[in-house]
Amino acid sequence: MGRRITLVLGSGSARGLAHIGVIRVLEEEGFEVSTIAGSSMGALIGGIYAAGKLDSYIDWVRSLTKKDVIKFLDVSFRPTSGILKGDLIFETMRDLVGDVLIEDLPIPFIAVATDLTARKEVWLTHGSLFEAIRASTAVPGVFSPQQIAGRWMVDGGLLNPVPVTPAAQTMTGVTIAVDVAGPRSANPLGEIVTGRYEQPPHLRKKIDEFLESIQNHLGLESSEGDDRPAIAEVLLNSFETMQETLSRYKLAANPPDLLISIPKNICAPHEFFRASELIEAGAWWARRALETAEI
């Protein structure tokens, strides 16, 4: 029997792939995850792990190319919806997760979402695992909300980016939290990969064209010569800036027994095609945190 821990996984788009490396290191060090709580990408990784499907997810995400990432971003034309429907990516997740109920998982799991109407944090501990993940990852204004029990749910990171409080209710072992919006680092990938990843010009052009098409479809096109960023980019960056500030306050008020901090400049929000190096980087930062931990 390993050392029992409650694992808290924070939100953070593609940065959340670092959670996988952290989980692998915790397993190597003999920790037994007894409960998982996650927001947004943390809910996705945590839910898949709790369902015993992490290896399948790793194989899939490592196979993603730059073109795949662009393909999975599908534009929504409904004014009441998000800019991106996310149907393709979420259907892939549905196929991977399957028809599983949270209460039937071998590891107790809490997905944190936000009730859009009541403006309250919601802890999803029962019902469809896929729907819980879908709700917790629905970045407001970017992805379409998810309806659960008649309530519209959006990203849990909106109110609780690193959900230590829900996890604390379980009272099982020590609490280890992973924040993927930590302070910037000169070497965010650790010593696994040296140098800084530079986005190829041709990929940057494709992404710019995609964001511009979204603006055009929504009637938000810029004037000629206007160098303002696309609306999708503004929404994502604004949302992540708010989450970083909120995380600091939440973690100060409810500190975990161990915080593993991943630099926020480890990658851009959409860079899921860098899965292999992000997983390895997560493992590197986890080992560094455990070296001095007293747990």
Side-chain angles (χ1 to χ4, degrees), residues 5-23 25-26 31 33-50 107-115 120-125 132-133 135-140 153-185 188 236-267 269 278 281-282 285-286 288-290 293 295:
I5 62 169
T6 294
L7 182 61
V8 179
L9 303 178
S11 58
S13 302
R15 297 195 305 267
L17 293 174
H19 289 316
I20 298 172
V22 173
I23 289 172
V25 168
L26 293 176
F31 290 100
V33 178
S34 58
T35 306
I36 304 173
S39 276
S40 196
M41 191 64 183
L44 189 151
I45 299 297
I48 288 175
Y49 178 68
I107 300 175
F109 172 67
I110 305 168
V112 177
T114 300
D115 185 322
K120 292 182 179 180
E121 179 181 332
V122 178
W123 302 351
L124 301 172
T125 58
I133 291 173
S136 186
T137 55
V139 179
M153 304 285 183
V154 294
D155 200 299
L158 182 63
L159 294 179
N160 201 345
V162 188
V164 175
T165 306
Q169 309 303 310
T170 61
M171 302 297 289
T172 57
V174 300
T175 299
I176 297 179
V178 187
D179 179 16
V180 293
R184 291 179 177 274
S185 170
L236 278 171
N237 289 339
S238 299
F239 184 64
E240 292 203 343
T241 299
M242 180 193 67
Q243 284 184 313
E244 291 165 16
T245 302
L246 188 55
S247 292
R248 289 195 292 270
Y249 283 107
K250 290 280 189 178
L251 289 171
N254 297 285
D257 294 294
L258 173 64
L259 176 64
I260 298 175
S261 183
I262 310 294
K264 61 186 175 184
N265 61 325
I266 193 172
C267 70
L278 295 175
W285 287 103
R288 181 176 179 181
L290 288 169
I295 57 173

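None of these values were measured; they are calculated from a predicted model.
At least one side-chain heavy atom of L278 sits under 4.5 Å from a side-chain heavy atom of C267. Proximity of L290 to L26: side-chain heavy atoms (C-beta onward) are separated by under 4.5 Å at one or more points. Between W123 and V112 there is a side-chain heavy-atom pair separated by less than 4.5 Å. Put simply, the side chain of L9 does not reach to within 4.5 Å of the side chain of Y49, judged on heavy atoms. Two residues are said to be in side-chain contact when any heavy atoms from C-beta on lie closer than 4.5 Å; I20 and L17 meet this criterion. The shortest side-chain heavy-atom distance between I23 and I45 falls under the 4.5 Å cut-off. Contact of the V8 side chain with the T175 side chain is registered, since non-hydrogen atoms from C-beta on lie closer than 4.5 Å.
A donor-acceptor distance shorter than 3.5 angstrom exists from the side chain of N265 to the backbone of S185, with no hydrogens or angles considered.
Rounded to the nearest 0.5 Å, atoms CG (L158) and CG (D115) are 11.0 Å apart. Rounded to the nearest 0.5 angstrom, I176 CD1 and I5 CD1 are separated by 4.0 Å. Interatomic distance, D179 CG to H19 NE2, rounded to the nearest 0.5 Å: 8.5 Å. Put simply, OG on S13 and NZ on K264 are 14.0 Å apart, with the number rounded to the nearest 0.5 Å. For the atom pair OG (S39) and CD1 (I110), the distance works out to 10.5 Å, reported to the nearest 0.5 Å.
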Please test R15 against I262 for side chain to side chain contact (heavy atoms under 4.5 Å, CB included), starting from the C-alpha separation and ending with a verdict. CA-CA 8 Å; R15 297 195 305 267; I262 310 294; 5.8 Å; no
K250 and N160: CA distance, side-chain angles, deciding distance, side chain to side chain contact (heavy atoms under 4.5 Å, CB included) verdict: CA-CA 7 Å; K250 290 280 189 178; N160 201 345; 4.0 Å; yes
Checking side chain to side chain contact (heavy atoms under 4.5 Å, CB included) for the pair F31/I295: CA distance, chi angles, key distance, verdict? CA-CA 11 Å; F31 290 100; I295 57 173; 3.9 Å; yes
For V180 and I266, run side chain to side chain contact (heavy atoms under 4.5 Å, CB included): C-alpha distance rounded to whole Å, both residues' side-chain angles, the deciding distance at 0.1 Å, then the answer. CA-CA 9 Å; V180 293; I266 193 172; over 6 Å; no
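Residues W285 and P188 share a closest heavy-atom pair of NE1-O, 2.7 Å. Nearest heavy atom pair, residue A286 against residue I260, reads CA-CG2, 3.9 Å. Across all their heavy atoms, A135 and L124 have their closest contact at CB-CD1, 4.4 Å. Of all the heavy atoms in G157 and D155, the pair that sits closest is N-OD1, 2.6 Å. Pairing each heavy atom of T137 with each of S40, the nearest pair is CG2-O, 3.2 Å. Between S136 and A43, the closest heavy-atom pair is OG-CB, 3.4 Å.
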